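Reviewing the structure listed below.
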Amino acid sequence: MPELPEVETVRAGLAPALTNAKVTGVDVLDARSLKRHPGGVEDFKQTLIGAKILGVVRRGKFLWLPIEVKGTTQKLALVGHLGMSGQMLLRSPGASEDKLTRVVIHAKCADGEKVEFRFIDQRIFGSLAIDELIETSDGKPGGFSAGVGLGQYWQNMIPRQAAHITRDPLDEDFDEPAVLAKFKKKNSGIKRVLLDQQTLSGIGNIYADEALWQAKLHYDQPAASISKAKASELLAAVKDILAKAVAQGGTSFDEQYKNVNGESGYFAVSLNAYGMTGLPCKRCGHPIKRENWMNRGSHLCPKCQRRRG
DNA sequence: ATGGACACCTGTGGGC
DNA sequence: TGCCCACAGGTGTCCA
């Protein structure tokens, strides 16, 4: 479910409470949520209990919390991905339980308050894991942390399991010319390219459909066939939409996406294509259509977004 | 390289 | 009420 704006909303919510917090306990209610942690449940618990959380960083849809673990020289992070249905909630100890909670991390905040970090995940496509941090290939910051961690050893590092993810369009070091050059080399349809986290990251099905609507491009238009000017327009639309969605706290349709306090985001009211099947296009009035595409759905205005060439 | 199918999962809503 | 099917904000792998 969650794409960059939703993950960023979660990151921004976790950071004030968890930066410099200490882990006091871990409950693993469903081991399947640790499938990307190679060491198994006991190793996960033992490593985490007593660890100090140093910050909260995001690249694309990946989140990680660098941790300081006594008795090891390894540089580690707690890595989280929300998959299709993950949530990270901050609750007071003893607050009523949240359905589908898979993992609970008990922590003591820097100010002495106690907090429960609850990982909720209906479909269990998301995961938590402890992973090693490695240097970024370009020597630049691994991801976005809103200035927390500047000058610390982990600033220019990234978890091994997220290292293949390229920078997202809201990253200070996003390399737009490089992304445009990649477009020129790809004969795949542009939507497939937008969703490829190794070309640019953070975009999922909602924001891909929205950006393509904004730029009046058909999802199957070969990326290489798009003019540089049009491709730049598309990237500008991507950035604009992602930034606006972050400002609105992301997109919520139902119970599947909530911020750390369990509240919905408000970008859904700004959607022009995604989920608008049958409603008139806000530009030309033609009904928005949903088409089956890659085992999921694509929403577009068949009149404004014609495939060309 | 590229496109397609499918695996990983559970829950909800619509149609009958 | 119940049953069955379609569908859901993601990622990764395998195969033609």
Side-chain angles (χ1 to χ4, degrees), chain A residues 1-11 29-37 58-63 79-88 98-102 119-129 131 159-166 168 182-212 219-225 238 241-242 245-246 248-259 264-268 270-271 273-278 290-299:
Chain A
M1 124 324 315
E3 306 178 36
L4 186 154
E6 294 74 38
V7 181
E8 174 54 26
T9 302
V10 170
R11 192 209 62 75
L29 308 176
D30 195 322
R32 292 175 298 177
S33 289
L34 302 185
K35 63 189 167 193
R36 299 202 68 182
H37 179 74
R58 180 193 53 76
R59 177 187 289 202
K61 307 172 198 173
F62 274 82
L63 267 184
V79 186
H81 196 289
L82 300 176
M84 286 285 267
S85 54
Q87 295 179 28
M88 294 176 180
D98 294 288
K99 268 187 229 171
L100 305 170
T101 300
R102 310 297 188 187
F119 183 68
I120 285 99
D121 193 4
Q122 181 202 116
R123 296 177 73 183
I124 326 185
F125 292 167
S127 61
L128 294 179
D131 195 15
R160 202 176 280 284
Q161 59 183 250
H164 62 296
I165 303 295
T166 53
D168 61 67
K182 283 184 186 174
F183 282 10
K184 273 290 165 201
K185 288 183 185 165
K186 295 205 180 264
N187 290 312
S188 303
I190 184 63
K191 182 168 174 182
R192 211 182 155 115
V193 174
L194 284 179
L195 294 181
D196 175 5
Q197 308 294 304
Q198 299 184 60
T199 300
L200 73 173
S201 68
I203 302 170
N205 212 26
I206 297 179
Y207 299 107
D209 284 359
E210 291 302 305
L212 292 170
Y219 59 82
D220 221 10
Q221 183 76 38
S225 74
V238 165
I241 291 164
L242 292 178
V246 168
Q248 295 292 309
T251 302
S252 299
F253 305 113
D254 51 26
E255 293 303 305
Q256 295 297 48
Y257 165 68
K258 303 283 176 156
N259 70 13
S264 295
Y266 291 97
F267 193 72
S270 306
L271 296 177
Y274 187 89
M276 299 289 125
T277 311
R290 179 193 178 281
E291 295 182 2
N292 287 325
W293 178 83
M294 297 265 298
N295 285 331
R296 48 210 316 207
S298 252
H299 308 75

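None of the values given here were measured: they were computed from a predicted structure. A note on names: the letters A, B, ... follow the listed sequences, proteins ahead of strands, and every chain is numbered from 1.
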Response to the item:
Among the nucleotides C/dG10, B/dC9, B/dG3, whichever has the atom closest to the side chain of A/Glu3 is C/dG10
Discussion item. Looking at A/His81, I'd like to know whether one of its side-chain N or O atoms comes within less than 4.0 Å of OP1 or OP2 on C/dT11.
Written reply: yes
Discussion item. Whether A/Arg290 contacts C/dA8 is assessed here as follows: a side-chain N or O lying under 4.0 Å from the phosphate OP1 or OP2. Is that the case?
Written reply: yes
Practice prompt. Tell me which nucleotide among C/dA8, B/dT10, B/dG3 gets nearest to the side chain of A/Arg192.
Written response: B/dG3
Worksheet item: Is the aromatic ring of A/Phe125 within stacking range of B/dC8, meaning centres under 5.5 angstrom and planes under 30 degrees?
Response: yes
Worksheet item: Between B/dC9, B/dG3, C/dG10, which one does the side chain of A/Ser188 approach most closely?
Response: B/dG3
Worksheet item: Parallel, tilted or perpendicular: which fits the ring planes of A/Phe253 and A/Tyr274, with parallel below 30° and perpendicular above 60°?
Response: parallel
Worksheet entry | Residue-phosphate contact under 4.0 Å: A/His164 side-chain N/O, C/dG12 OP1/OP2 | yes
Worksheet item: Within less than 4.0 Å of OP1 or OP2 of C/dT11, is there a side-chain N or O belonging to A/Lys61?
Response: yes
Worksheet entry | Nearest-Å distance once atom P is located in both B/dC9 and C/dC4 | 23 Å
Discussion item. Check this one for me: any side-chain N or O of A/Gln197 less than 4.0 Å away from OP1 or OP2 of C/dG10?
Written reply: no
Worksheet item: Taking the same atom, P, in C/dT1 and in B/dT10, what whole-Å distance lies between them?
Response: 25 Å
Practice prompt. Consider only side-chain N and O atoms of A/Tyr266 and A/Ser252, and report whether a donor and an acceptor are under 3.5 Å apart.
Written response: no
